[in-house]
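What follows is a short report on a single structure.
Remember, it's 1-based here, ligands and their atoms both numbered in the order they're listed. Computed from heavy atoms alone, side chains included, the values below leave out hydrogens, waters and symmetry copies.
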Amino acid sequence: MIKVGVNGYGVIGRRIADAVVLQPDMVLKGIAKVRADYKARLAKEKNYDLYAADDKSLKSFSEVGLNPKGVLNDLLEEVDVVVDATPGGIGAQNNPIYQKFNKKAIFEGGEKHALTGFSFVTQCNFNDAIGKRSIRVVSCNTTALCRVLNALDQGFKIKRARVVIVRRAADPDDTKRGPIDAVVLDPVALPSHHGPDVRTVLPNIDIVTMALKIPTTNMHLHSLIVSVKEKVNEDKVRDVLRNTTRILLLNSKEGIDSTAKVIDMAREIGRPRNDLYEVPVWEDSIKVVDDEIYFYIGVHQEAIVIPENMDAIRALIGGYSKEESIGITNKTLGIR
Ligand code: NAD
């Protein structure tokens, strides 16, 4: 059993912890948190071993009777791999601690590529991650683009990809960033950082991205124009995407014509917290004009990187093929 600790228990950390518990080859040794809040109490109710991030936090946990097992350093003694799901930039501060304890570490998309020198998306580079000490699972938008572009590149050889990203302004529980009434050019000076981030995983893809932020919390939505070298038509694009794991073809003829409907569907199929781990692609949006493929994809920002984190844990430990890891992760998370 791979012993896993999760440091940071917010949007992503909570989902990672729950997913680790579902893996037949992993054991969750505990979660570390800064605040003694309702999330800490609920983690305890799930019988997760609770650790305070540091001595200051430890005192606040004890004051409300949560009595953690110790602090982050104590959790690190117990684990083979730590997944750092703290806010962007904090992982870089934590890295020297993980190094001191000689622990393998996974960081999330809020950290810079340079922190580990390796940015991970299962389908693109699982094999290159095997045995590394630390890797970064890329952001939600980058994960979605890499899954889709990697599939199209293998199918038709991409000449270039141009993407407009419409971003959710905040996650559903985030009250600090809203309410807003605006479309924010994010950034104004183009291109956005997403294209270079894709190239940390797929260095050979010619990609330029633009991004806007809108007042929604459900999902991001991307519109893509991808030029390819090989002869292509709509049916061939659909076939390639349909045959790629963790991509889900949807059709507006079934009434799914918005991100709200996608989340409603995820709720309806019984996913925990409405989580959609797959990249939804509107198959009836796919249009080919000359060598260009036009289509829309969605990104459930809270969920999409969870399968990648499970595979990243296995890659660091070694002993699994990409297909084996994808198989176990998909089965346990209910990815069809
Ligand atoms: P979050 O703010 O929801 O959760 C982070 C948690 O870490 C919070 O509970 C915070 O209290 C805690 N924390 C802060 N400092 C800490 C410390 N020193 N030690 C331990 N815990 C600490 O953030 P999130 O959205 O879960 O993001 C985590 C990482 O995942 C970031 O790198 C982010 O960029 C990335 N990510 C986020 C999303 C998303 O849409 N939310 C999607 C993909 C990737």
Side-chain angles (χ1 to χ4, degrees), residues 5-19 30-43 48 50-58 60-61 68 70-76 82-98 105-113 115-116 119-121 134-147 165 167-177 186 193-194 197 201 211 213 216-221 259 263 273-277 279 298-309 312:
V6 178
N7 186 22
Y9 196 64
V11 171
I12 301 296
R14 280 180 285 173
R15 288 170 166 83
I16 291 172
D18 289 356
I31 59 119
K33 261 190 80 38
V34 175
R35 265 184 273 287
D37 57 8
Y38 70 97
K39 298 175 207 166
R41 180 174 58 75
L42 293 173
Y48 293 174
L50 193 58
Y51 291 82
D54 52 27
D55 290 334
K56 196 167 147 225
S57 303
L58 184 64
S60 64
F61 279 93
V71 292
L72 174 66
N73 290 2
D74 301 307
L75 173 60
L76 292 176
V82 58
V83 184
D84 187 300
T86 59
I90 306 281
Q93 292 171 26
N94 288 333
N95 194 29
I97 309 173
Y98 307 147
I106 292 167
F107 298 93
E108 303 301 315
E111 303 302 325
K112 293 197 163 66
H113 170 76
L115 177 64
T116 69
S119 293
F120 179 84
V121 174
S134 67
I135 58 179
R136 176 181 79 122
V137 169
V138 293
S139 75
C140 47
N141 285 311
T142 305
T143 300
L145 286 172
C146 287
R147 283 187 197 164
I165 298 173
R167 299 182 53 204
R168 62 88 180 97
D171 289 332
D173 73 326
D174 186 350
T175 47
K176 278 187 242 150
R177 286 190 248 193
D186 188 31
H193 72 276
H194 304 90
D197 206 37
V201 180
K213 205 157 61 171
T216 181
T217 62
N218 272 328
M219 296 180 82
H220 306 296
L221 189 121
T259 54
I263 292 296
R273 305 182 177 95
N274 321 326
D275 283 351
L276 194 73
Y277 308 113
V279 183
V299 183
H300 187 203
Q301 75 281 355
E302 299 177 286
I304 184 173
V305 299
I306 304 308
E308 254 64 25
N309 273 277

For atom 4 (O) of ligand 1, the protein heavy atom that lies nearest, with its residue and separation
G10 CA, 3.2 Å
Is the closest side-chain heavy-atom distance between D18 and R273 below 4.5 Å?
yes
Assess the side chains of R168 and T216: does a donor N or O sit below 3.5 Å from an acceptor N or O?
no
Using a 4.0 Å heavy-atom threshold (strictly under), name the region of M219 that reaches ligand 1: side chain, backbone, both or neither.
neither
Pull out every atom of ligand 1 sitting under 4.0 Å from any heavy atom of A53, numbered as shown with elements.
19 (N), 20 (C)
Test item: D74 side-chain N/O and V71 main-chain N/O as donor-acceptor pair under 3.5 Å
yes
Would one find an N or O of A32, backbone or side chain, under 3.5 Å from an N or O of ligand 1?
no
Counting from 1 in the order shown, the ligand 1 atoms closer than 4.0 Å to a non-hydrogen atom of V34 are 13 (N), 14 (C), 15 (N), 16 (C), 17 (C), 19 (N), 20 (C), 21 (N), 22 (C)
T86 and ligand 1 - part of the residue with a heavy-atom distance under 4.0 Å:
both
Do the ring planes of Y9 and Y48 sit parallel (below 30°), tilted (30 to 60°) or perpendicular (above 60°)?
perpendicular
Under 4.5 Å between any side-chain heavy atoms of V82 and I106, yes or no?
no
Is atom 23 (O) of ligand 1 close to the protein, meaning a heavy atom under 4.0 Å from it?
no
So for Q93, does at least one of its heavy atoms come nearer than 4.0 angstrom to any atom of ligand 1?
no
Quick check: does any side chain N or O of D275 sit under 3.5 Å from a backbone N or O of Y277, one acting as donor and the other as acceptor?
no
For the side chain of D174 and the backbone of K176, is there at least one donor-acceptor N/O pair under 3.5 Å apart?
yes
min-distance protein heavy atom vs atom 3 (O) of ligand 1 -> V11 N, 3.0 Å
Under 3.5 Å: N/O of P87 near N/O of ligand 1:
no
Working note: R147 + E308, criterion salt bridge (charged side-chain N to carboxylate O under 4.0 Å, His left out); need CA distance, chi angles, decisive distance, verdict.
CA-CA 11 Å; R147 283 187 197 164; E308 254 64 25; 2.6 Å; yes
May I ask you to identify, for I90, whether its side chain, its backbone, both or neither come under 4.0 Å of ligand 1 on a heavy-atom basis?
side chain
Tell me: protein heavy atom nearest atom 35 (C) of ligand 1, and distance?
E108 CB, 3.8 Å
Nearest non-hydrogen protein atom to atom 39 (C) of ligand 1, with distance, is D171 OD2, 3.5 Å
Looking only at protein heavy atoms, which one is nearest to atom 42 (C) of ligand 1, and what is the separation?
Q301 O, 3.1 Å
Please answer whether the main-chain N or O of T217 pairs with a side-chain N or O of Q301 as donor and acceptor at a distance below 3.5 Å.
yes
For the residue pair I31 and K39, establish whether any side-chain heavy-atom pair is separated by less than 4.5 Å.
no
Donor-acceptor pair, distance only, cut-off 3.5 Å: does the side chain of R136 make one with the backbone of E111?
yes
Among non-hydrogen protein atoms, atom 26 (O) of ligand 1 lies closest to I12 N, 2.9 Å
Considering the heavy atoms of C140, write down every atom of ligand 1 situated less than 4.0 Å from one of them.
42 (C), 43 (C)
Between S139 and N141: side-chain donor-acceptor atoms closer than 3.5 Å
no
With atoms numbered from 1 as shown, which atoms in ligand 1 lie under 4.0 angstrom from a non-hydrogen atom of N7?
19 (N), 20 (C)
For atom 33 (C) of ligand 1, find the nearest protein heavy atom and state the residue, atom name and distance (0.1 Å precision).
G110 N, 3.9 Å
Show which atoms of ligand 1 fall inside a sub-4.0 Å distance from at least one heavy-atom site of R35.
11 (O)
